[in-house]
Amino acid sequence: MRRFSSIVLWLVCVCACVQSQESRPKDEADRILDALDAKLYSPSRSGLKELDYDYAVSPEGVFSTKVRIGMRWAADSRPTVRWFDVERQPLKDIPDWLKAPAGGPTTGSVKDVFEAGGRATLRWFLPESPKTKYEAWRKRLETRTVNARPERVLVFEPATPGALKRIETAVDARGLPWRVTYFPSKPVEGVETVVEEPVYEEIDGKWVKTSWKESSGVSSIQHVLTYQLVRGWLLPSAHERLAPGGKAPDRTVFEGVTPKPPLN
């Protein structure tokens, strides 16, 4: 049930001393963001209109793989979540364990949590455009010297207060993010900073995010995405969550991946 819910993250205590900081004109931040937006692969921006896929629910306690979650997305409507049996037939009756309260800090039922997780997987298939995401945010580029090395950081601040008060994205020489730091407006369960360390790779001539580490507090989680070509579209085939402590990877395989229209 925790597969796609908010994970426990590790807050990295940065010991590096920031020796200097220089703000540059806002238009330079816009240029970097525009270049990043143009470089990253976006199926929806490339003409994808519809998408279907499904995956087995993660076994945990009383849970079993006897049910599957199906996701359906269309460009002109909200995504929908469907429930199937192992034969991919629509469930006639929802099992009692799915109707049970989720418990803990999460409100709603177990079914609600799984459906929220299903909708969250869409961001891997249809990554949000950086330019669109930060369109209404104040943005600037800062050049910092950390451990005697220059570091370029895009700083984003929301125009109106919300859950986050700032996001800092360090970019490499290619203009790709290699560290993203989120600053909540208020600490969440004692966590004041969340750090993501993404890795982007070029696959079939397209730049996509293939892995990332999320950290805060005293724990970290490594994520890995693998891809496949389906009807000409480059889309995720599986997601792995690698927890610390030598535990077996938590793996989700996406099946029935059907994009429309086909590219070839």
Side-chain angles (χ1 to χ4, degrees), residues 4 7 9-10 12 14 16 24 28-48 51 53 73 120-135 137 139-144 146-147 149-156 164 166-183 193-216 220-230 232-243 249-254 257 259 263:
F4 299 113
I7 64 175
L9 303 174
W10 172 37
V12 175
V14 181
R24 295 190 177 185
E28 190 166 355
D30 289 326
R31 286 196 295 269
I32 293 176
L33 194 61
D34 288 347
L36 172 62
D37 194 79
K39 189 169 191 175
L40 297 183
Y41 177 58
S42 171
S44 56
R45 191 171 56 199
S46 301
L48 184 67
L51 178 66
Y53 61 91
W73 171 87
T121 63
L122 278 169
R123 71 185 186 274
W124 303 332
F125 286 84
L126 305 163
E128 186 177 8
S129 159
K131 186 174 180 179
T132 300
K133 179 179 180 180
Y134 294 113
E135 184 176 8
W137 291 54
K139 55 187 90 62
R140 65 182 183 274
L141 176 67
E142 295 182 353
T143 299
R144 305 170 181 178
V146 182
N147 289 341
R149 298 182 62 180
E151 185 175 284
R152 297 189 304 164
V153 180
L154 292 171
V155 179
F156 304 100
L164 295 171
R166 188 169 74 256
I167 297 176
E168 295 186 357
T169 300
V171 295
D172 60 19
R174 301 168 298 175
L176 291 170
W178 64 271
R179 186 184 68 239
V180 183
T181 307
Y182 301 88
F183 297 84
T193 309
V194 175
V195 177
E196 178 185 330
E197 298 171 77
V199 174
Y200 292 87
E201 296 183 48
E202 189 175 12
I203 301 176
D204 195 42
K206 303 172 179 66
W207 284 94
V208 293
K209 185 163 71 170
T210 56
S211 66
W212 64 98
K213 183 172 74 172
E214 294 176 323
S215 55
S216 72
S220 65
I221 299 291
Q222 181 75 33
H223 297 261
V224 177
L225 275 181
T226 53
Y227 289 82
Q228 61 185 335
L229 275 173
V230 185
W233 300 99
L234 185 62
L235 299 167
S237 59
H239 167 265
E240 280 190 331
R241 188 182 70 171
L242 311 175
D250 186 5
R251 180 176 174 84
T252 297
V253 177
F254 301 111
V257 179
L263 281 179

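Computed from a predicted model, the values in this text were never measured in an experiment.
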If you compare all heavy atoms of [X] against all heavy atoms of [Y], which two are closest, and at what distance to 0.1 Å?
{"X": "P236", "Y": "F125", "answer": "CD-CD2, 3.4 Å"}
{"X": "W178", "Y": "V171", "answer": "CD1-C, 3.6 Å"}
{"X": "L141", "Y": "A29", "answer": "N-CB, 3.7 Å"}
{"X": "P177", "Y": "L36", "answer": "CD-CD1, 3.7 Å"}
{"X": "W207", "Y": "K39", "answer": "NE1-CE, 3.3 Å"}

Do [X] and [Y] come within less than 4.5 Å of each other through their side chains, counting heavy atoms only?
{"X": "P127", "Y": "S44", "answer": "no"}
{"X": "I203", "Y": "T210", "answer": "yes"}
{"X": "V153", "Y": "T181", "answer": "no"}
{"X": "R45", "Y": "T132", "answer": "no"}
{"X": "Y41", "Y": "W233", "answer": "yes"}
{"X": "I167", "Y": "W137", "answer": "yes"}
{"X": "V208", "Y": "L234", "answer": "yes"}

Enter the distance from [X]:[atom1] to [Y]:[atom2] here, rounded to the nearest 0.5 Å.
{"X": "L122", "Y": "W73", "atom1": "CG", "atom2": "CH2", "answer": "9.0 Å"}
{"X": "L242", "Y": "Q222", "atom1": "CG", "atom2": "CD", "answer": "6.0 Å"}
{"X": "I32", "Y": "K139", "atom1": "CD1", "atom2": "NZ", "answer": "12.5 Å"}
{"X": "L229", "Y": "S237", "atom1": "CG", "atom2": "OG", "answer": "10.5 Å"}
{"X": "L48", "Y": "L263", "atom1": "CG", "atom2": "CG", "answer": "8.0 Å"}
{"X": "R251", "Y": "T226", "atom1": "CZ", "atom2": "OG1", "answer": "5.5 Å"}

Looking at R144 and E151, does any basic side-chain N land under 4.0 Å from a carboxylate oxygen? no
Does this structure show an ion pair linking K209 with E196, if we count only N-O contacts that are shorter than 4.0 Å? yes
Please check this pair: side chain of R152 against backbone of D172, looking for a donor-acceptor N/O pair closer than 3.5 Å. yes
Would a distance-only check, ignoring hydrogens and angles, find a side-chain to backbone donor-acceptor pair under 3.5 Å from D204 to K206? no
Within a 6.0 Å radius of atom CD on E128, are there more than 12 heavy atoms belonging to other residues, nucleotides or ligands? yes
side-chain contact (heavy atoms from CB on, under 4.5 Å) between L51 and L235, worked out: CA-CA 10 Å; L51 178 66; L235 299 167; 4.0 Å; yes
Which label fits H223 and W212: parallel for a plane angle under 30°, tilted from 30 to 60°, or perpendicular past 60°? parallel
Geometric class of the Y134/F156 ring pair [parallel <30°, tilted 30-60°, perpendicular >60°]: parallel
Check against side-chain contact (heavy atoms from CB on, under 4.5 Å), E201 and Y227: CA-CA 11 Å; E201 296 183 48; Y227 289 82; over 6 Å; no
